[in-house]
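A quick write-up on the structure given underneath.
Just so we're on the same page: letters track the sequence lines, and every chain starts at 1. From a predicted model like this one, the values you see are computed outputs, not experimental measurements.
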Amino acid sequence: MKYLNYKLSNEPLKIIEDATLLKNERCIVDALEGSLALPILIDEKVQGYVFHGTGKLVVDSIIETTKGAVGKPTIKDLKHPFMMLGGAEEIKDNLGNADTSDLQNVGYERADAFIEHAEELCGRLLKEKHCHVDFNGKDSRLFAFLNEEDKLDILISKNDKLVYKSEKKVYISKGNKSVLQRPGEIIVSRKGKTVIIANNGILIEK
Amino acid sequence: MSEELKDEMKKLKEELANMKEQLSELSEMSDRLRKKPRLFHIDMGEKIHDYVGDIMEGVAEGISGELERSVFIGPHGVRVSRGRREEDVVKTDPAKAASAMSALGNEYRLRILGELMYGGRYISELQDKLSEITASTLSSHLDVLEKAGLVAQEKVRGRYLITIPGRMAYKMAKKIAKFIEKELEPE
């Protein structure tokens, strides 16, 4: 579904204590102290935030096969704005009001500029793409990170399911099943069986 | 005439006789070929003929080469490859190869790889197995292996995993060691 009825708050907040937005066996998303946060309201309830400041993303986008591990962890400093849907309740204690100096620290002269930036990011995901977030599920999260090429990297997590899509790779994991697609290669692993489809051939492992 | 000159003349005469013999063999061979019936002859000029010959030879080599190296059916599965591995090996820069090999040139690093062959390990588990080295030494060995692409570390859980090149390198190192050991055995 497209979330056409979302609203953004007019009052920017800031992270007053480092917040872990998501942590499970395969990934961590942190927003660090001093980052700005703008609440996203859906059905008049805060369901997420747009963050801008400093943060960190780690995804263990590695697949274990009997022939050896394939892939590398993804580690990114989050300097560009990113949004999170789900888990809003869990970080409310890490947030406080932001003043002009907090906005200036991140590079905005006024709150309007940050809101405008956040609106653009939300519009790109919520108006243009179909997405679904189970706001009642405690572990459900959807992140959209603006990358260096001004495109969106997406991270979706729900229980043991994880999907990460960036310009160069797609990584999907659910229990003992994983898929990794990177330039010139697709690796599918399920219960210890692996199929590697690469530019130089196909490997099917029993 | 000196003795030396006489010997030289004798050698030259013998060589001349050999050459005459070879010439007569060649002319006999040529007669035989001329008498053999030919089904057809298309005069495409030497260059085109050579070119077509080269292509046919290349195709034949390619097909047999592909069959030899592209399909491997083993106990662990089926591999279909269209890579030109031999060419890749030849193209590898010796400096890069030496750098990759240097990561293997240490007993502890080989032991770490050997341990990881059984599955992912936390650093504490590796430390238990290599108790004779300090934690910082173990850590620096893991760094070397990681930089060489032989090991990957999960950044969330912290486990170390052996990569596909890591497994290949470990097996290769063991094979080379075994081969050399055999060669050095007294006969």
Side-chain angles (χ1 to χ4, degrees), chain A residues 20-30 56-78 141 155 157 160 162 164 169 171 173 176 178 180 182 184-206, chain B residues 65-89 91-92 104 112-122 142-143 145-173:
Chain A
T20 297
L21 308 176
L22 174 68
K23 184 170 182 173
N24 59 33
E25 281 206 336
R26 300 221 163 255
C27 75
I28 299 174
V29 184
D30 285 332
K56 194 151 198 169
L57 164 72
V58 180
V59 182
D60 275 338
S61 41
I62 302 174
I63 291 189
E64 279 183 82
T65 77
T66 53
K67 297 268 180 220
V70 187
K72 284 178 184 171
T74 304
I75 303 168
K76 281 189 177 176
D77 286 325
L78 303 172
R141 300 278 192 286
L155 175 71
S157 170
D160 67 340
L162 180 82
Y164 176 68
K169 71 170 93 164
Y171 175 73
S173 164
N176 51 19
S178 314
L180 173 66
R182 54 184 193 171
E185 214 172 20
I186 299 172
I187 302 112
V188 182
S189 172
R190 188 172 177 267
K191 293 177 185 170
K193 293 174 188 171
T194 309
V195 178
I196 301 176
I197 303 161
N199 278 345
N200 63 345
I202 302 167
L203 169 70
I204 303 164
E205 237 183 283
K206 280 193 260 180
Chain B
E66 281 298 319
L67 284 174
E68 270 172 29
R69 68 177 164 250
S70 64
V71 182
F72 171 74
I73 302 166
H76 303 297
V78 182
R79 187 187 169 92
V80 183
S81 166
R82 52 188 179 87
R84 299 213 169 254
R85 281 188 240 156
E86 281 169 35
E87 281 176 26
D88 288 348
V89 170
K91 278 180 198 164
T92 305
L104 292 172
I112 292 168
L113 289 178
E115 199 53 45
L116 295 177
M117 290 287 276
Y118 298 103
R121 295 278 188 270
Y122 291 100
L142 284 164
D143 276 353
L145 292 169
E146 202 177 347
K147 276 178 192 154
L150 306 179
V151 155
Q153 190 195 14
E154 291 177 331
K155 299 297 175 193
V156 178
R157 283 191 284 187
R159 278 191 325 155
Y160 285 91
L161 307 167
I162 190 163
T163 61
I164 293 179
R167 283 185 88 93
M168 283 165 65
Y170 179 71
K171 283 183 183 172
M172 189 196 71

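Chain A forms more heavy-atom pairs under 4.5 Å with one residue of B:Ile162, B:Val151, B:Thr163 than with any other, namely B:Thr163.
Taking NZ from B:Lys155 and CD1 from A:Ile28, the interatomic distance works out to 11.5 Å, rounded to the nearest 0.5 Å. Taking CD of B:Glu154 as the reference point, atom NZ of A:Lys72 lies at 15.5 Å (rounded to 0.5 Å).
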Side chain to side chain contact (heavy atoms under 4.5 Å, CB included) evaluation trace for A:Ile196 with B:Ile164 = CA-CA 12 Å; A:Ile196 301 176; B:Ile164 293 179; 4.1 Å; yes
task = Would you please test A:Arg26 and B:Arg157 for side chain to side chain contact (heavy atoms under 4.5 Å, CB included) and show each step?
result = CA-CA 7 Å; A:Arg26 300 221 163 255; B:Arg157 283 191 284 187; 3.6 Å; yes
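Taking B:Arg167 as the reference, nothing meets the salt bridge (charged side-chain N to carboxylate O under 4.0 Å, His left out) condition, with sequence neighbours excluded.
No more than 12 heavy atoms of other residues, nucleotides or ligands lie within 6.0 Å of CE in B:Met168, so this atom counts as exposed by the packing criterion.
Taking both residues in full, the closest heavy atoms of A:Gly71 and B:Ala152 are given as O-CB, 4.4 Å, listed atom of the first, atom of the second, then distance.
Pairs engaging residues 56-65 of chain A under the salt bridge (charged side-chain N to carboxylate O under 4.0 Å, His left out) rule: A:Glu64-B:Arg159 [sequence neighbours left out].
Of the two parts of A:Val70, only the side chain, counted from C-beta on, holds a non-hydrogen atom closer than 4.5 Å to a non-hydrogen atom of chain B.
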